[in-house]
Amino acid sequence: MAYNKSRQLQSNKKWIDEDRTYTEVSDKCTYQDKNDDGPSEEETKEKDFVKRRNFGKKGKKITVIINYVSIHFTDPNAFVFHYKVRIEPEPNRLKLSRKIFEITEAERFPNSTSAFDGRKSLYTRKPISASRTERRMSRLVNISSEQNNFNIIKRFNGIENRNWLPTSFKCQSSSYKECKYTSENIPPFYTVMIWDEEFMAKRSFKIYVHLYDILKYEVVHNTTQSSSDVLKFVEAMLTIVGENALKKCEQRKLIQSGGILFTRNGDPVGNITGGLNVHFGFRQIVVKQAPLFHYNFLMALDMTYGCFYDPMPVIDLISLICEKPKIYLRNSLLEPWELQAVKNYLLGLRVVYQDPGYGLTEREHIVSDVAVNAETIRLKIGSQSRFNGFYSLEKCYDLEFPNMPSIVVGPPGMMLGLPPEQCTIADGQIFNRRMANAQKEALKEFMLEFKPEPRQIKNEITKLVTALGLEKNNFFSELDIQISKNLLQTIGRVLKPPTLVCKSAMFSGIKQVLPSDSCWDLEHFENPVRIEKWAICSVDPSEDTDLKFLATALRFRGLRLGMKIDEPKLYSKLVQGEEDLEKYLKIFLRERKSENYEVVLVVMPNSGIFYGKIKQIAELQVGILTQCLKSSTVKNLDLSIMNNLLLKLNAKLNGNSFNIKYSLWPKYFIRPVLVVGAFVNVNEPIRNPGFPYIASIVGNYNKHATKHYVIWSFMKSNSDYIENLDRIIGKLMIRYWKENGVYPEKILYYRDGIPEENIWMVMEEEVKMIREGCASLHPLYKPSLTFIDVTRNHPAMFLPNKQTNIPAGTVVDSSIVHPNEVEFFLMSDVSYLGTPRPTKYHLLMDESHLSEDDIQEITFYLCHLSCRCTHTVPFPVQVYYARLATHRAQKYFDRSFSNEEEVNKTIDEILNVNALLQHNPMFFV
């Protein structure tokens, strides 16, 4: 079919022949056969997921504040004109592209309100009027419509002006599917002269502007519009709100870098090495919504972080870089490598110079060089003079650091040297350079440890909304767009937590525990294990780890929880480096394995790659259970650490700590159910070439969904869907049958890590493989399947109101979700610290005909079953375990490989972890 074939044009020629009509769109040529009726009905059919039957009703209603602001179209009948822009020669920087367009706009069409993305797209509310002297006249040749004939001039809001007519256009909007016309001439172009700082010369550019599409606001009111139309409007709105942000940056209200916005009045949230500060930043993300909720789009302000230069005195910076005290810098010169380090840091930065001779006036300069020394310096008058003597005589000021290098500012031929002690790094400068290894480690550690309060995040978002100036914004008004200044408020519901059961410490019966704020306390494990033969081994070179205290504390606390733990064997070895660790552990763990030890606790140093190496040796080469602890954890041992440690040990040794009261489970679980969690690390692939993509599939093998079995799949290419899923499902079914004597009648499949653009394709492929896996057991075996997409890759955050944080179990299934499909956001855990981001769930397929309340309640209940802690987790526990298993598999690859054969050998070792999987399937927790 030749409906939408494309090819690159080598020239600007355009013609019409008997069979096809050619139309230039940007730099491509699309053509359509006259005898071609277009795509078939099957090809254009929208992919429909499960339709919403109703909204959820269970739970107490509350007001939820979300980091969205609504976008309204004040005139639904208005147009947005989408122009394609081409600049020749192509600029190598977005900043240069924008500057070229700004000059063109000011000279050629100054009265139009436009938004340019800096690349190829330009959006205007009114058509652009070009100059008659420089524009090559265009002529309308043909206009046709499937339903009626009309004059295109009148269609565009009755504007009778042919100056702006495009030279070529094929309407892409669904409202004008058959509208097409051609022209005899190539697009008009304008010549722009601009100073290019990179080439240090004036350069000439040609800029071509021609109409590409017409987007009518009324299209967004139609809930049946195609996904391509939605994407066009999303792209347009992103460009428009981005242009507004740029205008605010020019007014010095905001700082922008890489699409991230920072407020100028924000205080740093942390410091890292090398004179850098960490600030809150936000991205503007436009989300399409339906008119059911009285607005057309939402703009999300998604939180991130950015590094800025610390506005410190330059002399303090030199002291920091050279690692010398300031008093040492008074009478000494810098070494060549120190001077080079200072130069590399300061080049291109803005510094504020405080002139001591003119009432301490301040001037801002850009550093162009750092002088070798400060003995002589070129001054404004162009003469050579002693640096210190000049300031003593002319400024009546004695330099404290006369031997420090001078800060050179100014253009070539007019350079000026400034003393570093009188200069300060200007505020608001983003760090865009490559970080040193020490800075990377410091930033990574900061990101792991720093968790802001949700209330602090809300305050930062409010500052940004104020800085954006969304209220009474002339730029948006001229585009017939109105953006709310207030964050979106919607109605949510707080689901009741399930009642958990464990054994009573006082009596032999069962005790019921009701979670409070997503947490609970356990008196006694439901099914505790006994540890008879185990060992504690320290490989920490610090030598001050008290292993005997650790063993006594664990035994005493385990007895209170029902675990009988015998006296362990204690070992200590001072290993130096990775090779020494590997050599010792191989011998040590093999000896413990031959003596039938159940588990070995390994105390390791706080830093290094020891964890990955320990797991490689223990699980791939020896086949013995291990539990790793950092030496700092042992030194700071408290009740919560001991509880979590015993929870993990009990699960790894096939015990069970608690469960949900069976009578409270939804009716869905009356019959056997296999709950599967699957995760693929498509967004974080292994960086080394030749490494596979890792998929982890976890499924329960007991009726209460508390014990799980993991299977990995390794894929050489990113196919998005999980390869060999049919075999994996078959193995999970067999494991379930061995434990319960029956195959599951239902499959609840939670899938994490699906790219949004391929969600339909992934669902079709994986549903097909799940069916094949079931059919491999028996041709007529077809359990009912429920397929749910799980993701946290979205911008929505639930922000606290004036009184309290968002409680655990808060669910939102309106306002910010699809109106016709079953989607909901669930905050299953309390976010006292960190980003209050809920998890989004999308029901793709449901053969069990679950209600919205059932799906939400089942999902929330499954978030309570983690064996690692006594609080809820952000996902259903099967997805949570799948993520843990993927992380564990990545640790197996945490070493150097010389060729692909070694990678394949490691994959074979992982797939053959039979001893641990068969006897201790929860070893990965």
Side-chain angles (χ1 to χ4, degrees), residues 23-27 71 73-87 98 101-102 104-106 108-131 135-140 143 145 150-177 179-183 187-190 207-221 225 228-244 286 296-297 474-481:
T23 306
E24 181 185 307
V25 178
S26 183
D27 55 350
I71 302 176
F73 298 114
T74 56
D75 183 6
N77 297 320
F79 290 96
V80 168
F81 296 91
H82 181 190
Y83 290 87
K84 283 295 183 180
V85 177
R86 187 170 76 252
I87 302 175
R98 291 184 179 278
F101 181 78
E102 285 178 7
T104 305
E105 182 182 33
R108 307 304 177 189
F109 28 92
N111 297 324
S112 64
T113 301
S114 61
F116 180 50
D117 66 353
R119 295 177 176 86
K120 292 186 178 181
S121 291
L122 168 67
Y123 298 92
T124 64
R125 174 62 183 86
K126 297 178 181 179
I128 293 176
S129 296
S131 171
R135 179 187 53 80
R136 302 191 180 187
M137 293 298 295
S138 303
R139 185 168 59 88
L140 190 61
I143 304 174
S145 174
F150 53 87
N151 191 316
I152 195 76
I153 302 297
K154 293 181 179 179
R155 185 69 172 179
F156 293 162
N157 288 338
I159 300 174
E160 298 285 351
N161 184 359
R162 292 180 177 270
N163 290 346
W164 58 266
L165 278 177
T167 60
S168 59
F169 170 71
K170 179 181 177 181
C171 191
Q172 307 293 321
S173 176
S174 60
S175 299
Y176 307 97
K177 287 183 179 178
C179 174
K180 53 182 178 289
Y181 61 88
T182 58
S183 176
F189 67 88
Y190 315 97
I207 178 168
Y208 296 82
V209 181
H210 66 98
L211 188 62
Y212 176 74
D213 203 350
I214 306 169
L215 306 179
K216 194 172 183 181
Y217 288 167
E218 69 178 9
V219 175
V220 301
H221 289 274
Q225 74 273 22
S228 60
D229 287 332
V230 173
L231 291 177
K232 289 176 187 177
F233 273 94
V234 169
E235 180 184 356
M237 290 300 107
L238 275 173
T239 303
I240 290 170
V241 299
E243 184 72 18
N244 174 69
V286 175
N296 311 116
F297 285 91
N474 294 331
F475 177 74
F476 290 140
S477 299
E478 292 180 15
L479 291 167
D480 293 312
I481 295 174

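We number each residue from 1, following the sequence as shown. Basis for what follows: all heavy atoms, side chains included, without hydrogens, waters or symmetry-related copies.
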- Classify the angle between the aromatic ring planes of H82 and Y123 as parallel (below 30°), tilted (30 to 60°) or perpendicular (above 60°). parallel
- Between S114 and F101, is any pair of side-chain heavy atoms under 4.5 Å apart? yes
- In Å, rounded to the nearest 0.5 Å, how long is the span from CD of E105 to CG of L122? 7.5 Å
- Exercise: identify the closest heavy-atom pair between S121 and K84: OG-NZ, 3.8 Å
- Message: Suppose we screen for side-chain hydrogen bond (donor to acceptor under 3.5 Å, both in side chains). Which residues come up paired with T104, at least two apart in sequence or across chains?
- Response: none
- Item | Minimum-distance pair of heavy atoms, taken over all atoms of D213 and L211 | O-CD1, 3.5 Å
- Any donor-acceptor pair under 3.5 Å from R86 side chain to H210 backbone: no
